[in-house]
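Below is one structure, written out as structure tokens; comments come after it.
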Amino acid sequence: MQGVAGPPRSPHNAAVTALSSLAGLGKAELAEKLVAIGVEPRKAKMRAEQLWRWIYHYGATDFGAMTNVAKELRATLAERYTLARPEIAAAQVSQDGTRKWLVRLGPGVEAECVFIPDVGRAGALCVSSQVGCTLNCTFCHTGTQKLVRNLTAQEIVAQVLIARDALGEWPTPERPLNDGDRQLTNIVFMGMGEPLYNLENVSAAIDTISDGDGVSISRRRITVSTAGVAPRIKELGERTGAMLAISLHATNDELRNQLVPLNKKYNLAELFDAIRTYPSLNNAKRVTFEYVMLKGVNDTLAEAKALVKLLAGIPAKINLIPFNPWPGAPYECSDWETIEKFAEVLNRAGYSSPIRTPRGRDILAACGQLRSESVKQRASERLKAAT
Ligand code: SAH
């Protein structure tokens, strides 16, 4: 077992983490926390909205800054709660400007998130929804890490707060920030884990991230990627209004069973039936199909043509992803020429099919390279590690 226990906590840290943080909570949860410290229930909603704006619009990390909140309440808040973000266990910056954070969510529980400049309107944050993954896609590094646990909605939202902190793009009442100045404009659920196996929390997190009084990233700029959990696809659309991405990677069941074992549970026919039920698909709201280019495995022109057939009638764009290598990976990336020819077939059929430029490969931050050392521990092991 590797690196399961975090470094020993200093007494100072222990005291700080004993207070729970409000940063990342949804509106209703925030109101409950206020009632718990004596705010009148009928005033809690209004107070929660005030706090909300400080937390998510201004990125406050200190109750003292909340000038429109009564002094007494600010003091009580500071006694009982914090606005702390989870600890950043490691931060890396790639040569190409991509940034990766390893976020510590508890002792031995770590997830990665990645900021990629110059994608989407200005830049996208790739967030994790689980620590580890259950799917075991054979080309994915995260798939080599067993599921530790689902992230809470608060932990998902905290990744966005951490990125905004690091990018230094919180406005202040004196210094408003125009939307056009923002670096972080898009969110993609393409980090560790399968978002549709944690839909409850993903959906709650999207409510907080998209709220116009707060982080204010519109649902149209939030994309949720799934390996194909067919029975939850429609529900994802109904609950979140997010953009849908499907990790397809193969055009026939035989190959897809190998690459994405989840296909044995929900085959291509079932998956495509589900995709067709995604609410409000049209040419302005297309499904993104992700297709990883694996040398000699799924990259023939016949497969490009099969892909065109498969997508018939679905408003779609295709993202060709050059395979990103990781230590011990059993695949190679297709040759550039092959990828371009593959793209050409799709383009000729009328599909936008950009080739995703690998970003942050040098810090293992590119698609499918994320992984943390966290492993699931039994309660007895956890106890041992803590002592
Ligand atoms: N479980 C979800 C969310 C992860 S998204 C899903 O599968 O969609 C991560 C994306 O990167 C997916 O499209 C995944 O298939 C792709 N990917 C995984 N490993 C990769 C690799 N080594 N190189 C390129 N893309 C990879």
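Among Tyr351, Phe342, Phe139, the one residue that satisfies the ring-ring contact (aromatic ring centres under 6.0 Å, His included) test with Tyr291 is Phe342.
The closest donor-acceptor contact from the side chain of Lys317 to the backbone of Arg286 lies at 3.5 Å or more, if one exists at all. Of the possible polar contacts, none joining the Glu290 side chain to the Leu248 backbone as a donor-acceptor pair under 3.5 Å is found. Proximity of a side-chain donor or acceptor of Thr288 to a complementary backbone N or O of Ala245 within less than 3.5 Å is not detected. Side chain of Thr240 to main chain of Leu236: a donor-acceptor pair is present (N/O by atom type, distance under 3.5 Å, no hydrogens or angles).
Listed by chain and residue number, Arg149 satisfy the salt bridge (charged side-chain N to carboxylate O under 4.0 Å, His left out) test with Glu155 (two or more places apart in sequence, or in another chain).
Salt-bridge formation is not detected for the pair Lys265/Glu270: no Lys NZ or Arg NE/NH1/NH2 atom is positioned less than 4.0 Å from an Asp or Glu carboxylate oxygen. The existence of a salt bridge linking Lys33 and Glu29 is excluded, since no basic side-chain nitrogen approaches an acidic carboxylate oxygen closer than 4.0 Å. In summary, Glu49 and Arg53 do not engage in a salt bridge, as defined by a charged side-chain N under 4.0 Å from a carboxylate O. Using a 4.0 Å cut-off between a side-chain N of Lys or Arg and a carboxylate O of Asp or Glu, Arg219 and Asp207 qualify as a salt bridge.
For the atom pair Leu83 CG and Leu25 CG, the distance stands at 9.5 Å (nearest 0.5 Å). Note that CD1 of Ile355 and CD of Glu340 are 5.0 Å apart. Values are rounded to the nearest 0.5 Å. Separating the CG atom in Asp253 from the CG atom in Leu268 is a distance of 4.5 Å, to the nearest 0.5 Å. Annotation: the span from Phe289 atom CZ to His249 atom NE2 amounts to 12.0 Å, rounded to 0.5 Å. To the nearest 0.5 Å, the span separating CG on Leu125 from CD1 on Ile187 amounts to 5.0 Å. Distance CG/Asn136 to CG/Leu259: 13.0 Å, rounded to 0.5 Å.
Of all the heavy atoms in Ala48 and Leu34, the pair that sits closest is N-CD1, 3.5 Å. Between Leu51 and Leu22 the shortest heavy-atom distance is CD2-CD1, 4.0 Å. For Ile55 against Met66, the heavy-atom pair with the smallest separation is CG1-CE, 4.3 Å. Between Pro322 and Arg356 the shortest heavy-atom distance is CD-O, 3.0 Å. Here the closest non-hydrogen pair linking Ser247 and Arg256 is O-NH2, 2.7 Å. Closest approach of Ser129 and Gly193 over heavy atoms only: OG-C, 3.8 Å.
By the rule that hydrophobic residues join a cluster once side-chain heavy atoms approach within less than 4.5 Å of another member, Ile363 and Val103 end up as members of separate clusters. No path of Ile, Leu, Val, Met, Phe, Trp and Tyr side chains, each step under 4.5 Å between heavy atoms, connects Leu102 with Leu105, placing them in separate hydrophobic clusters. In the hydrophobic clustering of this structure, Leu364 does not group with Val93; members are Ile, Leu, Val, Met, Phe, Trp, Tyr whose side-chain heavy atoms approach within less than 4.5 Å, directly or through other members. Connection of Met293 to Ile321 is not established within any shared hydrophobic cluster, with ILVMFWY side chains joined at heavy-atom distances below 4.5 Å, either directly or through further cluster members. Val188 and Met192 fall into different hydrophobic clusters, defined by Ile, Leu, Val, Met, Phe, Trp and Tyr side-chain heavy atoms under 4.5 Å apart, directly or through other members.
A donor atom on one side chain and an acceptor atom on the other are found under 3.5 Å apart for Asn150 and Gln130. Looking only at atom types and distance, the side chain of Ser128 has no donor-acceptor partner in the side chain of Glu112 under 3.5 Å away. With no hydrogens or angles considered, a side-chain donor-acceptor pair links Asn347 and Ser353 at under 3.5 Å. Between Arg221 and Asn186, the side chains place no donor N or O within less than 3.5 Å of an acceptor N or O (distance only, hydrogens not considered). In this model, no donor atom of one side chain and acceptor atom of the other lie less than 3.5 Å apart for Thr138 and Gln258. Between the side chains of Glu303 and Thr300, a donor-acceptor pair is found at a separation under 3.5 Å.
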- Please step through side chain to side chain contact (heavy atoms under 4.5 Å, CB included) for the pair Ile206 and Val224, ending with a clear verdict. CA-CA 10 Å; Ile206 291 177; Val224 177; 3.9 Å; yes
- Task: Would you please test Asp362 and Ser94 for side chain to side chain donor-acceptor pair (under 3.5 Å) and show each step?
- Result: CA-CA 6 Å; Asp362 55 338; Ser94 155; 2.8 Å; yes
- Task: Kindly indicate, with the supporting measurements, whether the criterion side chain to side chain donor-acceptor pair (under 3.5 Å) is fulfilled by Trp54 and Gln50.
- Result: CA-CA 7 Å; Trp54 287 106; Gln50 270 177 334; over 6 Å; no
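Heavy-atom contacts from other residues, nucleotides or ligands closer than 6.0 Å to CD of Glu238 number more than 12. Within 6.0 Å of atom CD in Glu40, more than 12 heavy atoms from other residues, nucleotides or ligands are found, so the atom counts as buried in its surroundings. Heavy-atom neighbours of Arg80 CZ from other residues, nucleotides or ligands within 6.0 Å: at or below the threshold of 12. For NZ of Lys305, the number of neighbouring non-hydrogen atoms (other residues, nucleotides, ligands) closer than 6.0 Å is 12 at most. Within 6.0 Å of NZ on Lys285 lie more than 12 heavy atoms contributed by other residues, nucleotides or ligands.
Side-chain contact between Ile116 and Cys126: present, with at least one pair of heavy atoms (C-beta onward) separated by less than 4.5 Å.
Aromatic ring orientation, Phe323 versus Tyr331: perpendicular (interplanar angle above 60°, classes split at 30° and 60°).
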